[in-house]
Structure formats: structure tokens, C-alpha cells
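Okay, structure first, notes after.
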Amino acid sequence: MLSRSIARTIAILGVTAATASSSNAQNTVKIGMVMPMTGTLASAGLQVIAGARLYIKQHGDTVAGKRIELIVKDGASSGETGKRLIQELVVNEKVDVIGGGLTADLLFSAPLLTEAQKPTVIMISSTTAVVEKSPFFVRTSGTLAQSSAIMADWAIQNSLGKAVTLVTEFAPGLEAEETFANNFKAGGGQIAETIRVPLRNPDFAPFLQRVRDAAPQAVFVFIPSVQAATFAKQFTERGLDKAGIKLIGPGDLTDDEALSNMGDAMLGAVTAHFYSAAHPSALNKAFAAEYQKDNHARANFMAASGYDGIHVIYEALKKTGGATDGKALVSAMKGSTWESPRGPMSIDRATGEVVHNIYIRKVEKVDGELRNVEFVTFSNVRDPRVAAK
């Protein structure tokens, strides 16, 4: 049997340890990120994480007197896995902020994140409807509606009046297809054929043959950026690069990281997007150079989304003096404006949606390398679906 003095000592030590633990928790802000690190969309998640870590490296791991702890989980490109891991981060890890990844993860988790009042910064999902699912959601990626609407407008302005759409059959692809088609037809364009391809292990060849048979002036393509190199190879094999069909689409099609492996078939491809590694600002040149040095890969739009996602969290913590109350923190995020490697951007105060420039870019060779060279800027673009409400 323990003596009273020993029992008293153990009790004191227990209280001291608990107090220290509580103190440490109060001085730490936990950011939980669930990103696809394996599976179909793995490279997208890894790029976001690399961008987030670069921001922390450049700006330190302390903000407003609080130490930043980044907790990263692999959602394995699965909505069910992502939902489970987000729940674990909220319930078990007691995170203060979530870095959101895929559309499916966020749709499944929105009720939990709303109930727990956890500010969630969307860094991958490009589906418009997602940000509407919780008042605690804000976005630093982009929406396919933003880039697809601009792409349609540019095509009409440049006398590309007959097009085929070819998109991956999941929520972002269907949004890209619908937005492009609506704007294109409203401008007097004709959609010759609508083609959808499976998300998993697609063989683009038979679908590209259908594009060629339809003989459009342009083919509007949305596929996940991780599949762009495969698409480019099959585009060339089917001879579409020599058939006089203009290749256009959102920027995922000519993803900066993969572009160097796509070959000259991509030369002349025109895309609409919010980021290019070739964006000529001093801030972007520094960002792209350090990202390349750290990761031995070219910075892309996913990396920029992760970088800006952490920026939003840091700046919100400065506004709240380090307080992590969910309502106060998300309120501090909304309405924020800043200069990003992508250019000027902001978070809409009413909706939490991202507002940024959309650039029309053409693939050109610069110093012997394929680059997305910006040549037209559409400023302060809002998601057209949100703006129409």
C-alpha cells in the first residue's frame, strides 16, 4: 500500500503534468490536413502539402504567439477514408483548423465540421457547391466554373464556334462541362458532341477518335492534372495535334509540374487558369524558385493553393490575436485580400469563395522548356454560379 506522502507526490505530479499539457495545448494551433497522398489523385495532395510546408518554412512556425502544428493524413483518394480521417482529427486530435482536400471528403464531412465549428480552408476541391455546404468553409483553390466560363468566352471571341467537350465523369468534370457549354452556346457556339470519360484508369484513345470524327474547331478538355501526361501522349497518337483542332480547357490540362513530360503536342494549347509557374511577378519568381529547389519539381496551381491556404490561416490568427474560436477565425478569413504568387486575390466576405484573376495562357517554349505563358488577364473573377444567385 502506498504511503500518504508518496500518493500525495504522485497526485501533485499528475496535476503538474496535466497543467503542462493544457498549457502546451493552449499555446499550439493544430492544423489538420487530409489530402490524397496515395491513389488516383495522390500527386495533387502531395503538391498542396509541399506548398503549405513552403509557406511555414518561409514564415516560421509561430504566429500570434502560438506554435503551428501541422498534422497531415493520407485520404488515399477516397471520400470514405477522407471523412473518417477528418472525424479523427476533430474528435481525437482536437485540431483547430482543417485543410480540406477532395470534394467527396468535404461533402461527407460538412455536417460534422459545421457542428464542431471548425474553420476549413479548401485547398483542392474545385466544385462550386462545396463551399456552400458549411458557413465554416472558405476556399483558396479555384472553381472549374471560374476557368470554364472564361474559356468559353475567349473561344467565342476568337471565332471558335464549333466545339466538342471531353471531361472526366465526376463532379468537377461535370461542372466544367456544364459551365463551358452554357457560356459557349449563349455566345452563339455549337457543341458538336459531349464526351465523358471514367475517372479511374482512363484510356483516352477511343474518346479522342470520336473527337476527331466530329471535326470541331476546338475540343474543350477537363481531366485531373495527374492524368494530363497520358492524355497528351494519346492526343498525339491519334493525330489530333495535326488535325487542326484547337486544344482548350481549364489549366489542369497543361499542369505546370507535368508539362515538361507532355511533349510538343501541347504547343499552342490554350487554357484558362488562376496560376502559372511563368507568372511574371517578383513574388511568384521567388516562390517558384524555392519550391523547385525544395521539391525538385516545378510549382503548379495545387502548390499555390496550399501556400495560400496556410497564408489565410496565419493572417486570420493575427487578426484574432491567436484565438482559435471557430466563428471568430472563419470571420477573420472571410473578406481577406492579399498578393499571392498567382496575383491579387481575396476571399468573398459573404460566401467564403475565392476571387482571383483568371489568365488565358498558351503553351510555348521558353528557353527550351514548355511553359504556360499568360497573354490575357480577366481580373477579380468570381464564380459565375455564385454571382448569379
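Only this structure's heavy atoms are used, side chains among them; waters, hydrogens and symmetry mates stay out.
- Residues forming a ring-ring contact (aromatic ring centres under 6.0 Å, His included) with F180 (at least two apart in sequence, or on another chain): F184, F220.
- In this structure, the salt bridge (charged side-chain N to carboxylate O under 4.0 Å, His left out) partners of E237, at least two apart in sequence or on a different chain, are K233.
- At least one side-chain heavy atom of V72 sits less than 4.5 Å from a side-chain heavy atom of M37.
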Quick one: side chains of residues 325-333, donor-acceptor pairs under 3.5 Å with protein atoms, not counting sequence neighbours, listed by atom name and distance.
| unit_1 | atom_1 | unit_2 | atom_2 | d |
| --- | --- | --- | --- | --- |
| D325 | OD2 | K327 | N | 3.3 |
| D325 | OD2 | A328 | N | 2.9 |

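- Side chain of T168 to backbone of L199: no donor-acceptor contact under 3.5 angstrom is found.
- Here the closest heavy-atom approach between residue G99 and residue M123 is recorded as CA-CE, 3.9 Å.
- A salt bridge links R371 and E369; the closest N-O separation between the charged side-chain nitrogens and carboxylate oxygens is under 4.0 Å.
- The pair D294-R53 does not meet the salt-bridge criterion, since no charged nitrogen lies less than 4.0 angstrom from a carboxylate oxygen.
- Side chain of N357 to main chain of N380: a donor-acceptor pair is present (N/O by atom type, distance under 3.5 Å, no hydrogens or angles).
- Looking at K246, its side chain does come within 3.5 Å of a backbone N or O of G268 through a donor-acceptor pair.
- Under a hydrophobic-cluster definition in which Ile, Leu, Val, Met, Phe, Trp and Tyr are linked whenever side-chain heavy atoms come within less than 4.5 Å, directly or via other members, L113 and V312 are assigned to different clusters.
- Between L370 and S260 the shortest side-chain heavy-atom distance does not fall below 4.5 Å.
- Residues satisfying the ring-ring contact (aromatic ring centres under 6.0 Å, His included) test with F170, not counting sequence neighbours, are none.
- Annotation: salt bridge (charged side-chain N to carboxylate O under 4.0 Å, His left out) contacts of D348 (sequence neighbours excluded): R382.
- Separation of atoms OG1 (T194) and CD (E178) is listed at 11.0 Å; rounding is to 0.5 Å.
- Using a 4.5 Å cut-off on side-chain heavy atoms (C-beta onward), H273 and D252 make contact.
- Taking the side-chain hydrogen bond (donor to acceptor under 3.5 Å, both in side chains) definition, one finds that R210 meets it with E193, sequence neighbours left out.
- Contact record, L41 with P36: O-CG, 3.4 Å, taken as the closest heavy-atom pair.
- For the pair N183/D153, a side-chain contact is recorded, criterion being any heavy-atom separation below 4.5 Å from C-beta on.
- Hydrophobic cluster membership differs between I68 and I71, with clusters built from Ile, Leu, Val, Met, Phe, Trp and Tyr side chains linked at under 4.5 angstrom.
- The side-chain contact (heavy atoms from CB on, under 4.5 Å) test with V373 singles out one residue from H279, E364, K362, and that residue is E364.
- Donor-acceptor pairing under 3.5 Å is recorded for the side chains of D74 and T38.
- Contacts of R342 classified as salt bridge (charged side-chain N to carboxylate O under 4.0 Å, His left out), with partners at least two apart in sequence or in another chain: D308.
- At a threshold of 4.5 Å between side-chain heavy atoms, the hydrophobic network of Ile, Leu, Val, Met, Phe, Trp and Tyr places V219 and L174 in two separate groups.
- Two residues are said to be in side-chain contact when any heavy atoms from C-beta on lie closer than 4.5 Å; V354 and Q146 meet this criterion.
- Under the side chain to side chain contact (heavy atoms under 4.5 Å, CB included) criterion, D203 pairs with A205, P206, Q234, not counting sequence neighbours.
- Qualifying ring-ring contact (aromatic ring centres under 6.0 Å, His included) partners for F137, counting only residues two or more places apart in sequence or in other chains: none.
- Put simply, the side chain of V355 does not reach to within 4.5 Å of the side chain of I347, judged on heavy atoms.
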| said: For a salt bridge (Lys or Arg N to Asp or Glu O under 4.0 Å) check, start with the C-alpha distance between K318 and E315, then their side-chain angles and the critical distance, and finish with the verdict. | reply: CA-CA 5 Å; K318 290 177 185 178; E315 293 303 308; 3.0 Å; yes
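- Judged by distance alone, the side chain of T236 and the main-chain N or O of A232 form a donor-acceptor pair under 3.5 Å.
- Exactly one of T103, T128, T143 qualifies for a side-chain hydrogen bond (donor to acceptor under 3.5 Å, both in side chains) with E175. That residue is T128.
- Using a 4.0 Å cut-off between charged nitrogen and carboxylate oxygen, E80 and R84 do not count as a salt-bridge pair.
- Formation of a donor-acceptor pair under 3.5 Å by the T127 side chain with backbone atoms of V130 is not found in this model.
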| task | Test side-chain contact (heavy atoms from CB on, under 4.5 Å) on Q217 and S159 and set out the steps. | result | CA-CA 9 Å; Q217 292 172 289; S159 302; 5.8 Å; no
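- The shortest non-hydrogen separation linking I245 to R212 is CD1-CA, 4.1 Å.
- I358 and L253 fall into different hydrophobic clusters, defined by Ile, Leu, Val, Met, Phe, Trp and Tyr side-chain heavy atoms under 4.5 Å apart, directly or through other members.
- Side-chain contact check for Q227 versus T40: some heavy-atom pair is nearer than 4.5 Å.
- Listed by first then second residue, pairs satisfying side-chain hydrogen bond (donor to acceptor under 3.5 Å, both in side chains) with a partner in residues 104-124 read T114-S134, not counting sequence neighbours.
- Using a 4.5 Å heavy-atom cutoff, the side chains of L70 and D61 are not in contact.
- Shown here for A155 and I248, the closest heavy-atom pair between the two residues is CB-CD1, 4.2 Å.
- Here the straight-line distance linking atom CG of N284 with atom OH of Y291 works out to 12.5 Å at 0.5 Å rounding.
- Once rounded to the nearest 0.5 Å, the distance linking CD1 of I124 with CZ of F301 reads 9.0 Å.
- L89 contributes atom CG, which lies 11.0 Å from atom CE of M33 (distance to the nearest 0.5 angstrom).
- Every residue two or more places apart in sequence or in another chain that forms a salt bridge (charged side-chain N to carboxylate O under 4.0 Å, His left out) with E69 is listed here: R67.
- Annotation: K133, atom NZ; neighbour count of heavy atoms from other residues, nucleotides and ligands within 6.0 Å does not exceed 12.
- Residues D256 and Y275 bring no donor and acceptor atom of their side chains to less than 3.5 Å of each other.
- Here the shortest heavy-atom pairing between G45 and M35 reads CA-CB, 3.9 Å.
- At least one donor-acceptor pair closer than 3.5 Å links the side chain of T320 to the backbone N or O of L317.
- A donor-acceptor pair under 3.5 Å is absent between the side-chain atoms of K94 and the main chain of K30, judged by distance alone.
- Y55 and H59 have parallel rings, their planes meeting at less than 30° on a 0 to 90° scale where 60° marks the start of perpendicular.
- W154 and F222 end up in the same hydrophobic cluster when Ile, Leu, Val, Met, Phe, Trp and Tyr side chains are linked at under 4.5 Å.
- For F231, the ring-ring contact (aromatic ring centres under 6.0 Å, His included) test picks out F204, F235, with sequence neighbours left out.
- A salt bridge is defined here as a Lys NZ or Arg NE, NH1 or NH2 lying under 4.0 Å from an Asp or Glu carboxylate O, and E177 with R196 meets this definition.
- We find the NZ-CD distance between K57 and E290 to be 4.0 Å, quoted to the nearest 0.5 Å.
- When all heavy atoms are compared, the tightest approach of A50 to N295 is CB-OD1, 3.5 Å.
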